[in-house]
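So the structure is just underneath, and the comments pick up after that.
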Amino acid sequence: MTVLEVRNLSKRFGGVFAVTDVHLQVQEGELLGLFGPNGAGKTTLFNLISGTLKPDSGEIFFFGEKITHLPPHVRARKGIARTFQIVQPFGELTVLDNVLVPLAQQELTRLLPLRPYDSLARRKQAMEILELVGLAAWAHERARNLPLGLLKLLEVARSLALQPKLLLLDEPLAGLHLQESEQLLDVLLSLRGQVTMVLVEHNVRMALPVCDRAVVMDAGRVIAEGNPEQVRRDPQVIQAYLGEREDA
Ligand SMILES: Nc1ncnc2c1ncn2[C@@H]1O[C@H](COP(=O)(O)OP(=O)(O)OP(=O)(O)O)[C@@H](O)[C@H]1O
Ligand SMILES: [Mg+2]
């Protein structure tokens, strides 16, 4: 089942060709890696998919339905969720409440009957999500007391609470120590098959092994695509990263 299909997508900012003629498919349950150096167009592509930017040309399909011109909140309601390069949890709320908010919001936006009497069930669901990402022990801690590595896990938990059909993760490893990065990648690996994800990442060496498939962009264009092994050996990929450290 194809969850997302992007066809001939292009976006320009003045003279900057941020995204040029991009084709992309994401299959249900897969973890697709989206790699590329600074300015490659990865975040712009996410903005086009989530709807905060409108493309100059091209089409976007979600489960076969054309969504190219739908506003962001409608796409969110259809099941497209994203995390941002900069974490944005509610610092004053507990970790648990941070997950309860999107859970309740999800019930509202999907027009499910509000069940205030059922708040225990919702708390149970929130705890299950926290367990999934390894944050259960922190449930009653204020979010602002968490180190960045755990905040990133909380971001993942908050987006899982929206029960997304497609989760876009924009550089979740940015700023993390090695151990924190490994912990987060382990969580993504454990979600593989259950949640359809696109992972934008700078650190190809670390993230590529957990991906089912990868797409590499450079200067707005897709320059390589395939399984991790194919992508790792692709001469154009090596060329695009030339001059950067091996782990950059
Ligand atoms: N709102 C904007 N206005 C003008 N130019 C923009 C805007 N957003 C992005 N750009 C430009 O488009 C290009 C692609 O940027 P984008 O942020 O999509 O790259 P990226 O692959 O996410 O990079 P990074 O790895 O640094 O996050 C860059 O040249 C950037 O400067
Ligand atoms: Mg970016």
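Whatever order the structure lists them in is the order used to number ligands and atoms, beginning at 1.
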More than 12 heavy atoms of other groups within 6.0 Å of Arg221 CZ = no
Counting only N and O atoms by type, is there a donor-acceptor contact under 3.5 Å from the side chain of Ser10 to the main-chain atoms of Asp21?
-> yes
Are any N, O or S atoms from Asn38 nearer to the Mg ion (ligand 2) than 2.8 Å?
-> no
Any non-hydrogen atom of Gly41 lying under 4.0 Å from ligand 1?
-> yes
NZ/NE/NH1/NH2 to OD/OE distance under 4.0 Å, Lys152 and Glu155 = no
Is Ala18 close to ligand 1, meaning an N/O of one under 3.5 Å from an N/O of the other?
-> no
Does Arg75 use its side chain to pair, donor to acceptor, with the backbone of Leu70 at less than 3.5 Å?
-> yes
Gly39, any N or O under 3.5 Å of ligand 1 N or O = yes
Would you tell me which option among Val16, Asn47, Thr44, Asn38 has the nearest heavy-atom contact to atom 18 (O) of ligand 1?
-> Thr44
Can you list the ligand 1 atoms lying under 4.0 Å from a non-hydrogen atom of Ala40?
-> 19 (O), 20 (P), 21 (O)
Any donor-acceptor pair under 3.5 Å linking the side chain of Arg192 with the backbone of Val210?
-> yes
N/O donor-acceptor pair under 3.5 Å between Gln230 side chain and Asn227 backbone | yes
Atoms of ligand 1 less than 4.0 Å from Glu171 heavy atoms?
-> 24 (P), 25 (O), 27 (O)
